[in-house]
There are 2 protein chains.
Amino acid sequence: MHSTADMNNTVGSRPLYKQVYDSLANRISEGDWKPAQSLPSEFALAAELGVSQGTVRKALTELETDKVVERRQGKGTFVSEHTDEDSNFRFFRLTRRDGSRLMPTGKIESIHRRPANRLERTVFGFEESDDVIEICRLRIVDDLPCATENIVIPHRLFPDIEKSTSLTTSLYPLYQREFGIHVVNAEEQLRSEIANKQQAKRLKAPIGTPLLRVDRIAHTIHGQAVERRTSRLDTRNYSYSVMVN
Amino acid sequence: MHSTADMNNTVGSRPLYKQVYDSLANRISEGDWKPAQSLPSEFALAAELGVSQGTVRKALTELETDKVVERRQGKGTFVSEHTDEDSNFRFFRLTRRDGSRLMPTGKIESIHRRPANRLERTVFGFEESDDVIEICRLRIVDDLPCATENIVIPHRLFPDIEKSTSLTTSLYPLYQREFGIHVVNAEEQLRSEIANKQQAKRLKAPIGTPLLRVDRIAHTIHGQAVERRTSRLDTRNYSYSVMVN
DNA sequence: GAGTGGTCTAGACCACGCA
DNA sequence: GCGTGGTCTAGACCACTCT
């Protein structure tokens, strides 16, 4: 992977610790180390890559801030595992008025394969025509629907996902576990919308109920878009929480 | 501020670099260095505080990630200045459909002083009864209203703010410049709402228009709440952008 | 006690901005 | 050419975890 030939001083080369970052990020997304497994120690990686331990440390620290790994003093460095709970915490942001988190279940309404439309080809960077999977779900809390979700993913990255039995909870743990896709961030566009007849029926809410519409594009560590999702949230009893930094 | 007496090895003491962080953060919020002014160099600070340059560096790096300072190679370390443009970029998140940023103007509808209600006393941590300033504004783009804002701030922290002449643009530059209040982050609760008669009139939109309601609490570096703001955004033509990490 | 990550130090050299 | 921050190294010691 890394040879001592491309050391520092090379004009225009990225800093060493970023090269280490890239190398480790690649090996993680290629499955060299699986979720929840530990990486070699800082010294072992340093020796293997021919750099100092401090340089490896800096790369690992950045991987930790990007939530790709978790470090535990005295134990080691572990590939972040997307559990149902923390994935829900990070990416499903509906909260009760008192700030407590919801833990919704899901109900699949439909799932089918179809050709990507133009927007999806752009988002996913398809060179030519290719298929996507579209999943329609309902998110449910206390037996009441709180959100509809339309999820679109490239078929090529998620073969046979329709046969999976765990499509009712957070999908990102499934993406990571079964398909080696690590979602690390997402950009969202929010707007306020009025429930039409179909949305109202799905959410068991009156037509005309104000809904919070969230258009999300989810990315891997490499910046690759791997999911396009439109959610419509019933915020009459819940709020969507955001921290601005 | 920092004495060499409380060096490392003290049981339960915070790491040195965090003490340095606190010390520098305090001196900045006390106005020892003003916005856009430069701090002493890493070596100068290290000598002054009796720690190594690497320790100062680590503290400065964290202050930079928290957007309290900005570092420029070859020039120095500067106290972040909240300009109208970047404050707008960070805290006013309405964008056009193509992702481009709005640069709204503001119109003051009312401004008055009154006693804090119970919620405000809790948010601002008032021990006893105290006054707040409430500002009602309209944000305008291309001569069209796009948002209403109700802004509540503690009177004690912002004396005579009603006499300021720059209440029509981003307020955080004003807070920083005139009152030494550095807003560094905010938590927001979003929900979808229907425009009532009053909101509709202010926004020149039909009654029943879906609005994105944003309840924000803004904090300083010390975690102190210094502003409570409710905005209602007309998202028929614009979206509210969020990055999820 | 052995092994891991966390803190702190000291020093070398590079890249950048400016006079 | 000097002063700044940025990178990289080497080594010491601390705090935590497990056996």
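Since this is a predicted model, take the numbers as computed values, not measurements. Just so we're on the same page: letters track the sequence lines, and every chain starts at 1.
- Side chain of R72(A) to main chain of F78(A): no donor-acceptor pair is present (N/O by atom type, distance under 3.5 Å, no hydrogens or angles).
- Salt-bridge check for E120(A) with R228(A): failed, with every basic side-chain N at 4.0 Å or more from each acidic carboxylate O.
- Judged purely by atom type and a 3.5 angstrom limit, D84(B) uses its side chain to pair as donor or acceptor with the backbone of S170(B).
- At least one side-chain nitrogen or oxygen of R71(B) sits closer than 4.0 Å to the OP1 or OP2 atom of dG6(D).
- No engagement by F43(B) is indicated, since no non-hydrogen atom pair under 4.0 Å with the nucleic acid exists.
- Between E178(B) and K163(B) there is no salt bridge, since no side-chain N of the basic residue sits under 4.0 Å from a carboxylate O of the acidic one.
- Partners of F124(B) according to the ring-ring contact (aromatic ring centres under 6.0 Å, His included) rule, which considers only residues two or more places apart in sequence or in another chain, are F126(B).
- Candidate nucleotides dG5(D), dC8(C), dT9(D) were compared by shortest atom distance to the side chain of S52(A), and dT9(D) ranks first.
- A distance of 6.5 Å separates CD1 of I161(B) from CG of L171(B), quoted to the nearest 0.5 Å.
- Ranking dG6(D), dC8(D), dG5(C) by closeness to the T77(A) side chain, first place goes to dG5(C).
- Closest-nucleotide positions on DNA chain D for Q73(A) and K18(A) were compared, and the one nearer the 5' end corresponds to K18(A).
- Listed nucleotides: dT4(D), dC8(D), dA15(D). Nearest to the side chain of Y17(A): dC8(D).
- Residues from residues 53-66 of chain A placing a heavy atom under 4.0 Å of any atom in DNA chain C, listed by number, are R57(A).
- Nearest to the side-chain atoms of K75(A) among the listed nucleotides dG5(C), dT17(D), dT9(C) stands dT17(D).
- If you check dT7(D), dG5(C), dG5(D) against the side chain of P15(A), the one that comes closest is dT7(D).
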